[in-house]
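In what follows, a structure is listed as structure tokens, so that the remarks can point back to it.
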Number of protein chains: 2
Amino acid sequence: MALKPLGLGLASRRVLSDVVTDDLRDAIISHDLEPGRRIAEDELALQMGVSRGPIREALMRLDREGLVTIERHKGARVASWDDTDIQEIYSMRSALEVLAIEWACKNATASDLKAMEEILNVYSKLSEKQRTPREVSRLDLEFHTALFAAAHHERLFKTWEVLRSQIHAFLVYTWSQDGKINKVFLPQWGPDHKVFVEVIRNKQVEKAKETVLGHVERGLARVATHFVEEPKPKKRVAKR
Amino acid sequence: MALKPLGLGLASRRVLSDVVTDDLRDAIISHDLEPGRRIAEDELALQMGVSRGPIREALMRLDREGLVTIERHKGARVASWDDTDIQEIYSMRSALEVLAIEWACKNATASDLKAMEEILNVYSKLSEKQRTPREVSRLDLEFHTALFAAAHHERLFKTWEVLRSQIHAFLVYTWSQDGKINKVFLPQWGPDHKVFVEVIRNKQVEKAKETVLGHVERGLARVATHFVEEPKPKKRVAKR
DNA sequence: AAACTGTTGTTTGTAAACAACAATAGACCA
DNA sequence: TGGTCTATTGTTGTTTACAAACAACAGTTT
């Protein structure tokens, strides 16, 4: 059974709270709602033309995803990031990806490998100009999602989905601070990921683990040096 | 029916959905609600004397915790476990505990260590008779929770909490199948865990990782051999 | 100033309805 | 008999409106 109902248009009977969740997530990831911003249920409900029920549900889900922060009787805010968060996220990511590639070596099917290669294929067909940091990062997250799917490990996949949202969110923030992250990163992306598919196909578990560890560590280094710290209003008093 | 009507609203600072969540979690973990059992919102709301709102919220949280399975328009069921789940849970646990003890070596404070030792202390004061599988397992989960707390890694801790609920749930199930799991396990528990505190205090990262890995693997072996498979009414393919 | 008190705006919870949907049971036809 | 189709039924999803609990703020009193 497919872990994720791949977004192929069929849009199957989505429920209102799903729509709200996705819209809100996009708004947060794209920074239409800036970090720290207050989200009032009534206001959002009015704005989206739905009642409070689905809004509450969406906010709770995004809280679980780490994109918003809910405090009792105080409501929800868009989450914000500092370097502690980066450290946490990438250390989790290392641990999870190592486990993922381990399981993928055992469980990956032909179609799993094909899905991963398909993403590499899409990348290779992009023109130089299309290889924007944003687009490549989107493909990057998609590739790693395919890797996690190949592990066939339900709980691992769900945990990754949470992490992915957070990575996605602060990556966009990082780009907005520094548009030219990509000098060394982008040309390397394709070859770097081809290795993943190969070691999985050949079931070279140890080499796979090393590969993925190095990969994530380089990712962290890249992000950390470019991440511009943002004052985190965790417990700040709101000034009017 | 074992669902206690909730105590009067003296209630303190907790909010209704918290109470419902905790009551339901207890009922599931203690198997007052057997795996696979259907949970209807209306029915539960009536039983607990609250409206559907807090019930829905509680069910969503328990779904996230993995104790309940919600399907759209079909409602919630108490989760059930098979050996695949055990494999998933323990592989996750290994990865997470290694990361946890790594961070604990860096970040543990004196009071963190003290908290862990306090639990060992409680254990050592238990009489032979009090060392039931159930009680020791409760202390075990508490100890490991203290370990995760000592890591000072927010996301890691939250992920552990999810896993803990699941471990707790099927451990109770395992005990109910076999009351004498403890012949080799129980006497070893105390000394086994003292090592944890020491390696963390001395910041012996590598040794710490080995220790925790072995520990979890033995835990898996113990559970796996005693786990009696239960028919799982998993997901049926959606027919249209 | 510090402590008290009420106001305000928000979240949280309740209630009663309706709408959308899934499962089931009959009805119908072959 | 066997199968498809359509009601029926029950549950979840959603809305509306209101009441209660609570945090933050401002003004008042001491």
Side-chain angles (χ1 to χ4, degrees), chain A residues 1 5 10-24 33 36-64 67-79 233-240, chain B residues 3 5-24 33 36-64 67-79 233-240:
Chain A
M1 129 163 197
L10 67 136
S12 70
R13 321 198 155 108
R14 292 204 312 169
V15 114
L16 255 190
S17 53
D18 294 343
V19 179
V20 176
T21 305
D22 292 345
D23 283 6
L24 242 187
L33 297 173
R37 163 152 186 170
R38 186 79 189 290
I39 304 179
E41 294 180 356
D42 273 330
E43 185 189 339
L44 190 58
L46 192 67
Q47 194 177 320
M48 293 192 130
V50 301
S51 69
R52 272 179 46 215
I55 299 285
R56 280 181 68 79
E57 212 167 308
L59 287 175
M60 283 172 42
R61 287 190 211 167
L62 293 173
D63 174 272
R64 160 189 84 175
L67 296 188
V68 314
T69 308
I70 296 180
E71 284 178 284
R72 246 219 305 267
H73 285 291
K74 289 167 65 174
R77 295 181 172 279
V78 178
K234 266 263 157 88
K235 294 173 181 175
R236 192 184 53 180
V237 187
K239 314 174 78 174
R240 46 171 257 107
Chain B
L3 286 183
L6 30 134
L8 292 197
L10 41 130
S12 69
R13 280 278 167 101
R14 294 202 314 168
V15 115
L16 256 191
S17 56
D18 293 343
V19 179
V20 175
T21 305
D22 291 345
D23 281 8
L24 241 188
L33 296 173
R37 162 153 188 168
R38 183 80 192 290
I39 304 179
E41 294 179 359
D42 265 329
E43 185 189 342
L44 191 58
L46 194 66
Q47 268 185 48
M48 292 193 143
V50 301
S51 65
R52 275 176 61 203
I55 300 283
R56 281 177 72 81
E57 208 167 313
L59 287 175
M60 283 176 46
R61 288 189 211 169
L62 293 173
D63 174 272
R64 166 188 76 169
L67 296 188
V68 145
T69 308
I70 297 180
E71 284 178 285
R72 255 216 300 268
H73 287 289
K74 292 169 55 176
R77 295 183 170 280
V78 178
K234 259 239 159 124
K235 15 211 148 175
R236 296 152 31 191
V237 184
K239 52 176 180 178
R240 45 179 62 214

### Candidate pair E57(B) and V20(B), rule side chain to side chain contact (heavy atoms under 4.5 Å, CB included), full reasoning
CA-CA 9 Å; E57(B) 208 167 313; V20(B) 175; over 6 Å; no
### Query
Which part of the nucleic acid, if any, lies within contact of G53(B), taking any heavy atom under 4.0 Å across all strands shown: a base, the sugar-phosphate backbone alone, or nothing?
nothing
### Sidechain N-carboxylate O distance under 4.0 Å for R61(B), D22(B)
no
### Length of the line joining I55(B):CD1 and dG13(D):P, which is rounded to integer Å
14 Å
### Query
Nearest nucleotide by nearest heavy atom, which residue falls closer to the 5' end of DNA chain D, P54(A) or A40(B)?
A40(B)
### Task
Take the protein atom NE2 of H73(A) and the nucleotide atom C1' of dT12(C), then report the distance between them rounded to whole Å.
6 Å
### Query
Hey, does the side chain of K74(B) come within less than 4.0 Å of dA23(C)'s phosphate (OP1/OP2), counting only N and O?
yes
### Task
Give the rounded distance in Å between these two atoms: CE of M60(A) and C1' of dT11(C).
14 Å
### Message
Any N or O donor-acceptor pair under 3.5 Å from the base of dG13(C) to the side chain of R52(B)?
### Response
no
## Note on the structure
note: E57(B), atom CD; dG13(D), atom P; distance rounded to Å ~ 14 Å
### Query
Given atom CZ of R37(B) and atom C1' of dT11(D), what is their separation to the nearest angstrom?
16 Å
### Query
With the threshold set at 4.0 Å, does a side-chain nitrogen-carboxylate oxygen contact exist between D63(A) and R56(A)?
no
### Query
What is the distance, rounded to the nearest whole Å, between atom CG of D18(B) and atom P of dC22(D)?
12 Å
### Query
Taking for each residue the nucleotide of DNA chain D with the nearest heavy atom, is it L16(A) or R38(B) whose nucleotide lies nearer the 5' end?
R38(B)
### Nearest non-hydrogen partners of L59(A) and V68(A), listed with the distance
O-CG2, 3.5 Å
### Gap between atoms CD and P, on E41(B) and dT14(D) respectively (whole Å)
11 Å
### Message
Whether R77(B) and E71(B) form a salt bridge (side-chain N of Lys/Arg under 4.0 Å from carboxylate O of Asp/Glu) is what I want to check.
### Response
no
### Task
Give L59(B) one of three labels, base, sugar-phosphate or nothing, depending on what nucleic acid heavy atoms sit under 4.0 Å from its own.
nothing
### Query
In whole angstroms, how far is the P atom of dT10(C) from the CD1 atom of I70(A)?
17 Å
### Query
Is any side-chain N or O of R56(B) closer than 4.0 Å to OP1 or OP2 of dG13(D)?
yes
